[in-house]
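Whatever order the structure lists them in is the order used to number ligands and atoms, beginning at 1. Computed from a predicted model, the values in this text were never measured in an experiment.
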Amino acid sequence: MRDSLPSFDLAKSATMQVVQAEPFNAGTPLAELADSYIQPTSHFFVRTHGTIPSLDPETTTIHVQGLLAQPFGMSITEIKQQLPYIEQVSTLQCAGNRRQEMHAYQPIYGELPWGANGLSTATWGGAPLRALLERCEIEPAALHLVFESYDQVERHGQTFGYGGSIPLNEPMIEHSLLAYTMNGAPLPALHGGPLRLVIPGIVGARSVKWLRSIELSAEPSHNYFQRRAYRLAQSSEPEAWQTAPMLHELPVNAVLCLPTPDQPLTAGTITLAGYAITGGQALVERVEISLDQGQTWQSARLIDPPTLGCWSRWQIELELAVGAYQCWVRATDSLGQQQPEQPAWNVKGYHHNAIQRVRLTVC
Ligand code: MTE
C-alpha cells in the first residue's frame, strides 16, 4: 500500500463548512456558490471516503484491462504526452447534496449531514476519456467501464480501493475527462491528483479520484460503492438494496443560496439568488419561485447560459412587505423534467430534489 497524506485540510477547514474532519468532507458556503460560477480550488467541496494517497505522477500507472484485445498500462506522464489536452468547465455534485432537508422530512441515520452545498464547478483539464478508449480494441461483450482507485476505504471490517462504473454506452463519456489540472493548476491530491475522472451530468460518485484502473466489463462494478452504496434503497435489508436502482444521472434541482436563513431582511426589493442543475444530456431550462405554495410561479433570470454538465446560477428581485413567507423554488430542464413536490425518501438520503421550501422573514 502507498503512503497517504493527511485528509484534514487546514486551509479549507477555515473557509468551508466542514461536514466531517476525518476523512475530510466539506461544503462550499452557500453565499459563495451564488457569487461565483467557478469555485476556486480552495473552495471546491470535498467528498472523501478514505485515505488521500500520495502518488508520484512520474511513476503512477493507469491500468486498462478486461474485455479488450490487448490490456495495457499508461503512466500519467504518457497520458500527458500521448493524448490530447483539453479544458472544460464541469460541475460535480455529491449524491448526498440536500440530505439534511430529506432528513427533516423523514430521518436518515449514519450518513453525513450535507446541506445544499455538496457541489462545485471548476475548469478541469486533461485527456478526453474517449481518446483513451480509442486505443482499445474493445470486445463486443464489454458493456461497462469499471473504475478502481488507489485510495483505501474501510467498510464492514474490510479495506479496499474506492470504485464505481458507468455503462459503456453512456453519452456523457464524450464529455468525460482523465483530469490532471483543476482551475489551471496541477490537480491537488485532495481532489484526486495526480489523475481523476470527471464525468459531468452523472452523480459525483462515479468521478473516481486517484484513478488506478479502467476495466472493460460485462457487468457494473462489484465495488461496495456501486453494489451497496449509491443505490436508492428503501431500507438497509439486503433484499431492499440488492434490487434498488444504482444512482446514475443527477436529478433536476434548484436551490436558494441567498438570502441565507439567518439574514435579516428589510421590506422592499429583495434579491433572491441560487443555483440550478440537471443531469445527463439535459440543460437547465427555467427556475421559478412561488410565494403561495405553488399556486402561481414567477420566473427567475438564469445568470449563466445553460451548458451541458454545468450548473446555472439564477436570480430574481421580489417586492416584499413585512411578513413571513414560505418561498418555493423549482427548476425545469430541457427534457421537461421538473422537481417533485415531495421527496423520494431513501435510506441513505440520496438525490434529494423535492421543491425547496425556504422561510423568509421580512421586518
Ligand atoms: N474517488 C475516490 N477514489 N474516493 C472517494 O471517496 N468520492 C466520490 C468521487 N470520487 C471518492 C471518489 C464522491 S462521492 C464525490 S461526490 C466526488 O469524488 C467528490 O469529488 P471532490 O472531493 O473533488 O469534490
Side-chain angles (χ1 to χ4, degrees), residues 1-2 4-5 7-9 12 16-20 22-28 33 38-55 60 62 90-99 111-112 114 116-124 126 146-155 159-166 176-183 185-214 221 223-226 228-231 246-248 250 277 279 311 348-351:
M1 188 177 127
R2 315 229 167 176
S4 303
L5 297 166
S7 91
F8 185 72
D9 188 286
K12 284 209 188 215
M16 307 271 287
Q17 285 168 355
V18 177
V19 184
Q20 180 176 267
E22 194 60 54
F24 187 67
N25 284 278
T28 315
L33 288 178
I38 290 175
Q39 277 60 64
T41 304
S42 57
H43 287 67
F44 198 97
F45 88 106
V46 182
R47 177 69 182 108
T48 306
H49 294 81
T51 60
I52 312 287
S54 170
L55 302 171
T60 302
I62 311 302
S90 302
T91 303
L92 292 184
Q93 183 186 297
C94 186
N97 194 38
R98 299 187 60 201
R99 180 178 286 133
E111 299 294 328
L112 295 185
W114 283 97
N117 57 359
L119 83 172
S120 299
T121 302
T123 303
W124 306 95
V146 172
F147 311 120
E148 292 286 331
S149 161
Y150 278 107
D151 63 358
Q152 297 281 293
V153 185
E154 266 186 59
R155 286 289 185 282
T159 304
F160 53 91
Y162 181 93
S165 61
I166 56 170
S176 298
L177 288 184
L178 297 160
Y180 50 86
T181 71
M182 182 178 187
N183 293 328
L187 181 65
L190 194 59
H191 291 290
L195 188 118
R196 75 173 299 165
L197 284 160
V198 172
I199 306 178
I202 307 299
V203 63
R206 310 301 179 224
S207 286
V208 170
K209 305 196 267 191
W210 314 292
L211 187 65
R212 174 199 193 101
S213 63
I214 299 179
S221 168
N223 191 280
Y224 172 89
F225 292 97
Q226 184 79 33
R228 173 75 200 261
Y230 297 116
R231 298 181 82 142
M246 294 172 179
L247 296 188
H248 190 56
L250 292 172
I277 186 167
W311 71 354
K348 282 180 163 282
Y350 295 139
H351 276 184

| query | At a non-hydrogen distance cut-off of under 4.0 Å, which region of Ser149 contacts ligand 1 (side chain, backbone, both, or neither)? | reply | side chain
| task | With heavy atoms only and a cut-off of under 4.0 Å, state how Tyr162 meets ligand 1: side chain, backbone, both or neither. | result |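 Contact part for Tyr162 vs ligand 1: side chain (C-beta onward).
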As an exercise, identify every atom of ligand 1 less than 4.0 angstrom from a heavy atom of [X].
X      : value
Thr48  : 6 (O)
His49  : 5 (C), 6 (O), 7 (N), 14 (S)
Ser207 : 9 (C), 10 (N), 18 (O)
Trp210 : 2 (C), 3 (N), 4 (N)
Asp151 : 2 (C), 3 (N), 4 (N), 5 (C)
Val208 : 1 (N), 10 (N)
Cys94  : 16 (S)

| said: Checking a contact table here: which protein heavy atom is nearest atom 7 (N) of ligand 1, and how many Å away? | reply: Arg47 O, 3.2 Å
| query | When you measure from atom 15 (C) of ligand 1 to every protein heavy atom, which one gives the shortest distance, and what is it? | reply | Gly204 O, 3.5 Å
Would you say that [X] contacts [Y] through its side chain, given a criterion of any heavy-atom pair below 4.5 Å between the two side chains?
X      : Y      : value
Asn223 : Phe147 : no
Ile214 : Leu178 : yes
Arg47  : Leu112 : yes
Glu154 : Phe160 : no
Leu195 : Leu187 : no

| Can an N or O of Phe44 be found at a distance shorter than 3.5 Å from an N or O of ligand 1? |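 Phe44 vs ligand 1: no N/O contact under 3.5 Å.
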| said: For Tyr230 and Phe225, take the angle between the two ring planes, folded into 0 to 90°, and tell me which bin it lands in: parallel under 30, tilted 30 to 60, perpendicular over 60. | reply: tilted
| message | Once you measure the plane-to-plane angle for Phe44 and His191, does it fall in the parallel (<30°), tilted (30-60°) or perpendicular (>60°) bin? | response | perpendicular
| task | Report yes or no: does Arg196 have a heavy atom closer than 4.0 Å to ligand 1? | result |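 In this structure, Arg196 qualifies as a contact of ligand 1 - some heavy atom is under 4.0 Å.
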| query | For ligand 1, is there an atom lying under 4.0 Å from some heavy atom of Tyr230? | reply | yes
| request: Out of Lys209, His191, Gln93, Met182, indicate the one that has the non-hydrogen atom closest to atom 11 (C) of ligand 1. | output: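 Heavy atom nearest to atom 11 (C) of ligand 1 belongs to Lys209.
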| message | If you take the nearest heavy atom of each of Phe45, Phe147, Phe225, Trp114, which one is closest to atom 24 (O) of ligand 1? | response |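 It is Phe45 whose heavy atom sits nearest to atom 24 (O) of ligand 1.
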| For Tyr162 and Val208, what are the C-alpha separation, side-chain angles and deciding distance, and is it a side-chain contact (heavy atoms from CB on, under 4.5 Å)? | CA-CA 8 Å; Tyr162 181 93; Val208 170; 4.0 Å; yes
| request: Report the residues that fulfil salt bridge (Lys or Arg N to Asp or Glu O under 4.0 Å) with Lys348, sequence neighbours left out, ordered by chain and then residue number. | output: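 Partners of Lys348 under the salt bridge (Lys or Arg N to Asp or Glu O under 4.0 Å) test: Glu111.
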| Side chains of Ser90 and Trp124, donor plus acceptor under 3.5 Å | no
